[in-house]
Amino acid sequence: MATVGNSTNIFWHECPVSKVDRQKLLNQQGCIVWITGLSGSGKSTLACSLGRQLHCRGKLSYVLDGDNLRHGLNKNLGFTPEDRTENIRRVGEVAKLFADAGLICIASLISPYRKDRDACRALLPEKFIEVFLNMPLELCEGRDPKGLYKLARAGKIKGFTGIDDPYEPPLNCEIEIRQEDGDCPTPNEMAGQVVSYLEDKGYLEAQ
């Protein structure tokens, strides 16, 4: 008998259609593009622009947005360190399934803790592309698209990343996007950088 986590008497069932079969059908390779950065750094904007550029190339992708997932899959989780870890763990497992299906899965989350992102990478290490939106706190707070920094500064939100909870930047990300001479790249430029990486690495065609 097999034991996985807290469940017993469960077994992995193999299906006759393989990952390679699905990739040939889609003419692409499934992978995880994990976009991380502070709130207001442009993660969701990049994710949507990337999804649009891939769609225009005839490539199938799906965006897992952190806020959207908290409306359903993760609606029972808060923002304690433990809940944040579970939030990222769930998203990592779902992203792995999407990649196994042959899709380019775009995960867009603050994911502030390095160990949690590394745990997701370990699920699919050869197909994990970490994209770090390295935007300064001052820029993100100046944008404050959801008004969250203002609330955090006023003490109305506790444990807010970048204010009273840490953000741990990646140490070895595949792609880092930052300001150039004080200017932020446009969403299309950022997405183009990621698309170029995927193309160079062969993800936009079947193995």
Side-chain angles (χ1 to χ4, degrees), residues 2 4-5 10-37 41-69 72-74 87-111 114 116-134 170-178 185-207:
V4 180
I10 60 173
F11 303 89
W12 188 267
H13 185 79
E14 294 290 347
C15 295
V17 179
S18 70
K19 177 169 63 177
V20 173
D21 294 328
R22 293 187 288 272
Q23 291 181 156
K24 287 181 179 178
L25 181 68
L26 297 172
N27 192 31
Q28 63 186 51
Q29 295 180 43
C31 63
I32 300 171
V33 177
W34 192 280
I35 305 172
T36 178
S41 60
K43 298 180 301 300
S44 296
T45 300
L46 169 56
C48 291
S49 295
L50 176 57
R52 170 55 59 184
Q53 287 197 21
L54 290 170
H55 181 80
C56 289
R57 284 172 167 253
K59 303 304 174 183
L60 186 59
S61 66
Y62 193 83
V63 175
L64 297 176
D65 182 83
D67 277 3
N68 290 354
L69 292 168
L73 178 69
N74 295 333
N87 179 56
I88 299 307
R89 187 196 70 81
R90 291 184 192 178
V91 177
E93 292 287 357
V94 173
K96 180 183 177 182
L97 293 175
F98 272 101
D100 186 64
L103 278 70
I104 298 169
C105 182
I106 306 165
S108 169
L109 305 96
I110 294 174
S111 43
R114 196 176 294 128
D116 296 337
R117 298 193 304 268
D118 288 346
C120 292
R121 178 186 291 275
L123 294 172
L124 204 67
E126 73 282 4
K127 301 286 187 179
F128 191 93
I129 301 106
E130 190 172 27
V131 180
F132 176 29
L133 276 182
N134 187 5
L171 298 178
N172 295 293
C173 60
E174 282 70 24
I175 301 171
E176 181 177 354
I177 298 175
R178 58 169 65 226
T186 68
N188 280 336
E189 288 171 342
M190 293 190 295
Q193 186 174 339
V194 180
V195 170
S196 293
Y197 179 92
L198 295 173
E199 189 169 40
D200 290 344
K201 297 298 181 180
Y203 287 107
L204 303 188
E205 58 186 11
Q207 287 179 322

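Taking both residues in full, the closest heavy atoms of Leu73 and Arg90 are given as O-NH1, 3.0 Å, listed atom of the first, atom of the second, then distance. The two residues Arg22 and Val17 make their nearest non-hydrogen contact at NH1-O, 3.0 Å. Here the closest heavy-atom approach between residue Arg178 and residue Pro185 is recorded as O-CD, 3.6 Å. In terms of heavy atoms, Ala191 sits closest to Leu46 at N-CD1, 3.5 Å. Of all the heavy atoms in Pro170 and Thr36, the pair that sits closest is CG-CG2, 4.0 Å.
Here the CZ atom belonging to Arg89 is positioned 6.0 Å from the CD atom belonging to Glu93, to the nearest 0.5 angstrom. We find the CG-CG distance between Asn87 and Asn74 to be 4.5 Å, quoted to the nearest 0.5 Å. In this structure, the separation between OG on Ser44 and CG on Asn68 is 7.5 Å, given to the nearest 0.5 Å.
Each of Asp65, Ile32, Leu50 was evaluated against Ile106; a single residue qualifies, Leu50, per the side-chain contact (heavy atoms from CB on, under 4.5 Å) test. When Cys56, Ser49, Cys48 are each tested for a side-chain contact (heavy atoms from CB on, under 4.5 Å) with Arg52, only one passes: Cys56.
No side-chain heavy atom of Gln28 sits less than 4.5 Å from a side-chain heavy atom of Leu204. Put simply, the side chain of Val33 does not reach to within 4.5 Å of the side chain of Ile175, judged on heavy atoms. Residues Tyr62 and Val94 have side chains not in contact (no heavy-atom distance under 4.5 Å, counting atoms from C-beta outward). In this structure the side chain of Val91 never reaches within 4.5 angstrom of the side chain of Cys120, judged on heavy atoms. Counting only heavy atoms from C-beta outward, the side chains of Met190 and Leu133 approach each other to under 4.5 Å. Annotation: side chain of Cys31 is in contact with side chain of Leu198 (closest heavy-atom distance under 4.5 Å).
Heavy atoms from other residues, nucleotides or ligands lying under 6.0 Å from CG of Asp200 number more than 12.
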Return all side-chain donor-acceptor pairs below 3.5 angstrom for residues 123-130, not counting sequence neighbours, or 'none' if the list is empty.
from: Lys127; atom 1: NZ; to: Gln29; atom 2: OE1; distance (Å): 2.4
from: Glu130; atom 1: OE1; to: Arg121; atom 2: NH2; distance (Å): 3.2
from: Glu130; atom 1: OE2; to: Arg117; atom 2: NE; distance (Å): 2.8

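A distance-only check finds no donor-acceptor pair linking the side chain of Gln207 to the backbone of Val20 [under 3.5 Å]. Without hydrogens or angle criteria, Ser61 side chain to Cys105 main chain gives no donor-acceptor distance under 3.5 Å. The backbone N or O of Ile35 sits nowhere less than 3.5 Å from a side-chain atom of Lys43 that would complete a donor-acceptor pair. Here the side chain of Asp21 pairs a donor or acceptor atom with the backbone of Ser18 at under 3.5 angstrom. Panel note: side chain Gln53, backbone Asn188; a donor-acceptor pair is recorded below 3.5 Å.
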| Are Lys59 and Asn27 close enough, and set up right, to give a side chain to side chain contact (heavy atoms under 4.5 Å, CB included), and what steps lead you there? | CA-CA 8 Å; Lys59 303 304 174 183; Asn27 192 31; 3.6 Å; yes

| Given the rule in the side chain to side chain contact (heavy atoms under 4.5 Å, CB included) test, do Val131 and Tyr197 qualify, once you have shown the distances and angles that lead to the verdict? | CA-CA 11 Å; Val131 180; Tyr197 179 92; over 6 Å; no

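Note on Glu174 versus Lys201: no salt bridge recorded, every NZ/NE/NH1/NH2 to OD/OE distance being 4.0 Å or above.
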